[in-house]
Novice: 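Following this message is one structure expressed as structure tokens.
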Amino acid sequence: MDRLTKEQRHKNMSNIKNKDTGIEVRLRRALWEKGYRYRKNVNTLPGKPDIVLTKYKIAIFCDSEFFHGKDWEDLKQQLKKGKNAEFWIKKISRNREHDEEINKQLMFFGWTVIRFWGKDIKNNVEQCVKAVEETIFELEVDERNILG
């Protein structure tokens, strides 16, 4: 049984956003300040990435720890102890599978995929930007090597 009323649960769940979340906005601002221009929530790409650096063919996802199953084995054990365990385990397992499918599709089309956990963005956005910059550098080096 849920601790909240149906109306309270509905209000909580309706407040969970799927775009322009705090972590996305924070990372986007940091990238913009560094001079990186991007598109957001590009629905022509598989998975509708949160941030897309089209110039470099980089798709960035900002994943919440709960819904995308960070430390999945530990989280699964916690969920087993809670209410509606079967639903949540199935849902998050499917989210994880879907994330992997999206990664494979994007890579097949020649995109580089970067996924950040929300807490990593919140706690150290500069490190996330640095990871993006290192990826860009590697892609540019690879392109120079190919072109000779």
Side-chain angles (χ1 to χ4, degrees), residues 1-140:
M1 193 68 170
D2 200 348
R3 292 177 298 189
L4 302 177
T5 67
K6 192 172 183 180
E7 292 78 24
Q8 290 171 322
R9 176 63 59 209
H10 176 74
K11 184 178 181 201
N12 285 358
M13 295 306 285
S14 66
N15 284 328
I16 297 172
K17 300 187 207 178
N18 67 351
K19 62 180 180 178
D20 296 328
T21 62
I23 56 176
E24 289 175 38
V25 171
R26 188 169 188 166
L27 182 56
R28 289 195 320 239
R29 281 188 184 144
L31 289 168
W32 191 268
E33 287 173 9
K34 288 281 197 165
Y36 295 104
R37 300 303 176 245
Y38 53 81
R39 298 285 174 262
K40 58 183 195 165
N41 308 110
V42 176
N43 60 8
T44 55
L45 289 175
K48 196 173 170 184
D50 300 315
I51 302 168
V52 176
L53 300 171
T54 53
K55 180 178 179 179
Y56 306 103
K57 286 188 82 169
I58 296 175
I60 301 172
F61 293 90
C62 305
D63 295 337
S64 70
E65 284 78 1
F66 179 75
F67 286 103
H68 293 270
K70 182 175 185 192
D71 300 325
W72 180 229
E73 292 306 316
D74 294 337
L75 179 57
K76 195 185 322 182
Q77 293 307 314
Q78 287 178 331
L79 289 171
K80 285 179 182 177
K81 298 174 190 171
K83 306 256 189 254
N84 214 359
E86 186 179 326
F87 168 81
W88 285 110
I89 290 170
K90 183 177 177 184
K91 178 171 182 54
I92 295 170
S93 292
R94 178 63 190 126
N95 288 349
R96 291 171 52 84
E97 290 169 10
H98 184 254
D99 290 345
E100 200 52 45
E101 291 166 13
I102 294 303
N103 290 351
K104 288 176 184 174
Q105 289 175 19
L106 285 166
M107 287 187 287
F108 177 79
F109 291 124
W111 287 81
T112 299
V113 179
I114 302 174
R115 288 187 177 271
F116 292 113
W117 292 113
K119 286 199 170 118
D120 293 339
I121 296 169
K122 283 180 188 173
N123 295 336
N124 200 346
V125 72
E126 298 82 17
Q127 191 63 38
C128 297
V129 171
K130 187 176 181 181
V132 172
E133 290 177 322
E134 288 171 357
T135 302
I136 290 170
F137 178 77
E138 289 171 14
L139 290 170
E140 288 176 337

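No hydrogens, no waters, no symmetry mates; every other heavy atom, side chains included, goes into these values. Please read these numbers as outputs of a predicted model, since none were measured by experiment.
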Novice: Scan for ring pair (Phe, Tyr, Trp, His ring centres under 6.0 Å) pairs involving residues 99-119, sequence neighbours excluded, and state none if there are none.
Specialist: none
Novice: Side chain to side chain contact (heavy atoms under 4.5 Å, CB included) with Thr135: which residues, sequence neighbours excluded?
Specialist: Ile58, Thr112, Ile114, Leu139
Novice: Can you name the nearest heavy-atom pair linking Ile102 to Gly47, along with the distance?
Specialist: CD1-N, 3.5 Å
Novice: Answer whether the closest heavy-atom distance between the side chains of Ile60 and Asp50 falls below 4.5 Å.
Specialist: no
Novice: Got more than 12 heavy atoms from elsewhere within 6.0 Å of CD, Glu86?
Specialist: no
Novice: Could you check if a side-chain atom of Leu79 sits within less than 4.5 angstrom of a side-chain atom of Ile92, using non-hydrogen atoms only?
Specialist: yes
Novice: Sequence neighbours excluded, which residues qualify as side-chain hydrogen bond (donor to acceptor under 3.5 Å, both in side chains) partners of Gln105?
Specialist: none
Novice: How would you list all residue pairs meeting side chain to side chain donor-acceptor pair (under 3.5 Å) that involve residues 68-79, not counting sequence neighbours?
Specialist: His68-Asp99
Novice: Applying salt bridge (Lys or Arg N to Asp or Glu O under 4.0 Å), can you list everything that pairs with Glu65, at least two apart in sequence or on another chain?
Specialist: none
Novice: Can you sort out the partners of Lys57 under salt bridge (Lys or Arg N to Asp or Glu O under 4.0 Å), two or more places apart, ordered by chain and number?
Specialist: none
Novice: Considering residues at least two apart in sequence or located in another chain, which fulfil the side-chain hydrogen bond (donor to acceptor under 3.5 Å, both in side chains) criterion with Arg115?
Specialist: Asp63, Asn103
Novice: Test side-chain contact (heavy atoms from CB on, under 4.5 Å) on Val42 and Lys48 and set out the steps.
Specialist: CA-CA 5 Å; Val42 176; Lys48 196 173 170 184; 6.0 Å; no
Novice: Identify every side-chain donor-acceptor pair in residues 29-40 under 3.5 Å, counting partners at least two apart or on other chains, and give the distances.
Specialist:
unit_1: Tyr36; atom_1: OH; unit_2: Glu133; atom_2: OE2; d: 3.3
unit_1: Arg37; atom_1: NH1; unit_2: Trp32; atom_2: O; d: 3.0
unit_1: Lys40; atom_1: NZ; unit_2: Asp20; atom_2: OD1; d: 3.2

Novice: Who are the side chain to side chain contact (heavy atoms under 4.5 Å, CB included) partners of Phe87, not counting sequence neighbours?
Specialist: Asn84, Lys91
Novice: Tell me, please, which residues at least two apart from Glu101 pass salt bridge (Lys or Arg N to Asp or Glu O under 4.0 Å).
Specialist: Arg94
Novice: If you measure from CG on Leu75 to CH2 on Trp88, what distance do you get to the nearest 0.5 Å?
Specialist: 10.5 Å
Novice: Tell me, do Pro49 and Asn41 make a side-chain contact under 4.5 Å, heavy atoms counted?
Specialist: no
Novice: Less than 3.5 Å apart, which donor and acceptor atoms pair up between the side chains of residues 120-131 and the rest of the protein, not counting sequence neighbours?
Specialist:
unit_1: Asn123; atom_1: ND2; unit_2: Lys119; atom_2: O; d: 3.2
unit_1: Asn124; atom_1: OD1; unit_2: Gln127; atom_2: N; d: 3.3

